[in-house]
Amino acid sequence: LFGMPLLHVVQGNDPATGRIREARGVFAFGGRARGVFAFGGIARGWFAFGGVAIGGVACGGLGIGLVSFAGLAIALLLSVGGLGLGTLATGGLAAGWHAHGGVAIGWHAFGGLVFAHEGAGGTVHATEVMKSISEMPWLTQSLVRIMAYASVMGQLWLPLTLVSVVVPWWARRQWLADSGKGAAPDKRVFWVIPATGALTGVMWWLFYRWALIGTADVIHFIIPTVVSCMGLLFFALSLPLWLRLVPINPLYGVRLPSTMTSEKRWYDVNAYFGKQLFIWSLAVVGAGIAGFYQLPRHRDAYPWAALLLILVAVAASVISTLWWMRQHPVDKPTPSRNRLASWFGQGVVVVVIAMFIKSFIAGAYRIPVGNEPGVAKNSHWLASHLDTGFSTGDLIIFEHESGHYWIARVLAREPKGLRLKRGGSPDEFFMPWDKIVGKMLFSHFTPDVAIGKPEIKAGKAARFVHVISGVQKPRSILWNEGMTVLHAVRDAGGFTSFARPSKTKVVRGERAYLMNLKDQIEPFVLQPEDQIIIPE
């Protein structure tokens with residue numbers, strides 16, 4: 001491709017010259033590498049990754065290029081690193097025309113300690129001192145705004161370093177296998193690269209969350225951070241075992257007498273244990289992330305539930321592995337499978353995870369009062385227990401003083417709770433955080449709408465609040481006696497701006513009429529006591 005091999009992998013020195021071999025290809029891997037995508041100790045290419053990376057986009061220990069993400073980043077355009085030098089520079093120490101960092105040096109600079117012609121930040125030594133970032137040029141402001149995204153790119157060095165290690169390792173193992181000198185490598189080893197990228201992403205997210213919290217939330221974030229780190233530890237320990245990268249050793253792995261009998265037994269047992277622990281690590285990491293968004297109502301019980309989940313993760317992985325070993329003995333026939341014991345173990349796991357989800361992520365609730373547009377009486381809803389933000393108009397569920405769960409819509413968020421409004425009542429009221437259950441997501445069961453005659457005042461339009469599943473702000477439909485269904489629907493704007501139904505149902509007394517709105521053979525004339533219903 002373009003006169004180069006698509007993939008070129010080399011190792012060691014050239015026996016003819018004694019020099020380090022250089023890989024040249026579209027994808028090049030080696031001690032020295034040159035290509036479109038180059039990975040190596042010294043890498044040169046359009047996209048270069050290595051100890052020393054030189055190219056259009058350079059990432060590594062020392063990066064030199066148009067854009068550079070590195071420990072020492074030197075770039076013509078954008079540099080992000082511990083030490084960043086470039087036209088646009090950001091990092092611990094940043095020097096450039098526009099600079100942003102802990103120590104920022106430049107013509108326009110913003111940071112903790114600033115040396116510049118025009119600067120703003122903590123301690124500023126500048127010809128022109130600005131009071132805030134809003135007074136700085138738009139490029140400097142843009143550099144500050146992209147800092148979070150740029151730092152994510154700066155974390156890519158870990159998985160990209162693994163690429164430069166894993167590919168040559170796999171290529172050498174494959175060459176030995178082709179030569180009849182060893183076993184073929186397992187291609188699943190490449191999963192370590194995206195897995196490490198995900199691990200790095202979660203670590204970055206944890207740093208990002210801690211950078212944003214206020215002093216009041218520090219105590220509440222300690223436990224979720226510990227839980228997340230435990231999940232990441234399980235993740236990092238389990239992945240090499242699952243991918244069969246860990247040989248027999250005296251420290252790391254399932255070291256039992258039966259697992260030491262052969263390499264095959266060692267890899268089989270540890271691969272199974274690693275897979276189980278890896279799956280549980282995802283649940284623990286998810287529980288840790290959920291802890292950062294717990295509403296105050298659920299915070300007290302969260303640490304104990306998270307601790308139980310961690311213990312269950314370890315116990316379930318160990319017990320499951322021992323059970324697998326029993327079902328796959330070394331020198332004995334495979335015993336018959338005990339389905340009852342297997343189902344019991346799976347049931348315990350499902351119950352533990354389901355209880356955690358129900359208590360701290362989302363739960364089902366029955367709404368006994370249905371005076372809110374869009375919510376039918378006795379309908380069952382799924383409500384989120386996570387504080388992902390409350391906007392004006394959001395439908396929330398709270399615990400009423402009667403002990404029942406009531407619903408209301410959010411008017412405003414306040415430090416100690418939410419200001420709410422219910423149904424057709426014009427009165428606002430305040431609800432503290434310890435009474436807020438969560439945000440309503442969607443209805444998973446809606447009973448039949450009760451048939452009855454609403455109060456109709458002479459000379460006024462009849463009012464019917466219809467139900468639309470999944471719509472947060474449905475309208476009402478107003479009609480006068482003698483109007484057709486199609487006319488009423490059109491006057492209501494097609495029910496809502498979100499729903500444009502083609503069919504509807506009208507309930508009159510003991511009878512229900514299902515009709516197509518667009519192709520009515522005979523117009524259906526409404527009476528004041530009729531009810532218009534949209535089938536879910």
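With contacts defined as side-chain heavy-atom distances shorter than 4.5 Å, the pair D268/R244 qualifies. For the pair W266/R255, a side-chain contact is recorded, criterion being any heavy-atom separation below 4.5 Å from C-beta on. In this structure, the side chains of F27 and L6 come closer than 4.5 Å at one or more pairs of heavy atoms. Residues L418 and I436 meet the side-chain proximity criterion, which asks for heavy atoms closer than 4.5 Å. Between V167 and F190, some side-chain heavy-atom pair lies under the 4.5 Å cut-off. Using a 4.5 Å cut-off on side-chain heavy atoms (C-beta onward), W205 and I289 make contact. Using a 4.5 Å heavy-atom threshold, the side chains of I407 and M440 count as touching. Contact check for L78 versus L143: side-chain heavy atoms found under the 4.5 Å cut-off.
Remark: R326 qualifies as a cation-pi partner of W323 under the 6.0 Å distance and 45° angle criteria applied to the six-membered ring.
Nearest heavy atoms, P240 versus L237: CD-O, 3.7 Å. The shortest heavy-atom contact between G288 and Y302 is CA-OH, 3.5 Å. The two residues H385 and V437 come nearest to each other via the heavy atoms CD2-O, 3.4 Å. The two residues F360 and H298 come nearest to each other via the heavy atoms CE2-O, 3.5 Å. Between A287 and V227 the shortest heavy-atom distance is C-CG1, 4.3 Å. Smallest separation of non-hydrogen atoms from L420 and A408: CB-CB, 3.9 Å.
Taken from CZ in R409 to CZ in F390, the straight-line distance is 14.0 Å, to the nearest 0.5 Å. Interatomic distance, OG1 of T259 versus CD1 of I248, reported as 7.5 Å (0.5 Å rounding). Atom CG of D394 and atom OG1 of T392 lie 8.0 Å apart (nearest 0.5 Å). The structure places CG of L277 at 8.0 Å from CG of L241, a figure rounded to the nearest 0.5 Å. In this structure, CG in L411 is found 12.5 Å from CZ in F430, a value given to the nearest 0.5 Å. Remark: Q174 CD to W170 CH2 distance equals 4.5 Å, nearest 0.5 Å.
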Give the intermediate values and the outcome of side chain to side chain contact (heavy atoms under 4.5 Å, CB included) for residues F234 and I310. CA-CA 10 Å; F234 292 164; I310 292 173; 4.1 Å; yes
How far apart are the C-alpha atoms of I396 and M431, what are their side-chain angles, what is the distance that settles it, and do they pass the side chain to side chain contact (heavy atoms under 4.5 Å, CB included) test? CA-CA 11 Å; I396 64 101; M431 190 58 57; 6.0 Å; no
V285/V202 under side chain to side chain contact (heavy atoms under 4.5 Å, CB included): CA gap, chis, key distance, verdict: CA-CA 9 Å; V285 169; V202 175; 4.1 Å; yes
Worked check of side chain to side chain contact (heavy atoms under 4.5 Å, CB included) between L256 and L322: CA-CA 10 Å; L256 295 174; L322 294 175; 4.0 Å; yes
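Atom CE of M355 has 12 or fewer heavy atoms from other residues, nucleotides or ligands within 6.0 Å. In this structure, W191 places its CH2 atom where only 12 or fewer heavy-atom neighbours from other residues, nucleotides or ligands lie under 6.0 Å away. Heavy-atom neighbours of W433 CH2 from other residues, nucleotides or ligands within 6.0 Å: above the threshold of 12. With a 6.0 Å radius and a threshold of 12 heavy atoms from other residues, nucleotides or ligands, E263 has its CD atom at or below the threshold. More than 12 heavy atoms of other shown residues, nucleotides or ligands fall within 6.0 angstrom of atom CZ in R173.
No side-chain donor-acceptor contact under 3.5 Å links S320 to the backbone of S317. Between the side chain of S262 and the backbone N or O of R265, at least one donor-acceptor pair lies under 3.5 Å. Side chain of N270 to main chain of V254: a donor-acceptor pair is present (N/O by atom type, distance under 3.5 Å, no hydrogens or angles).
Within the 6.0 Å centre-distance limit, the rings of F235 and F278 are counted as a close aromatic pair.
Sorted by first and then second residue, the pairs that involve residues 222-242 and meet side chain to side chain donor-acceptor pair (under 3.5 Å), not counting sequence neighbours, are W210-T225. Evaluation of the side chain to side chain donor-acceptor pair (under 3.5 Å) test over residues 273-290, restricted to residues two or more places apart or in two chains, returns none.
Ring pair F39/F29 is parallel by interplanar angle, where below 30° counts as parallel and above 60° as perpendicular.
Remark: D387 does not engage K439 in a salt bridge, criterion side-chain N to carboxylate O under 4.0 Å.
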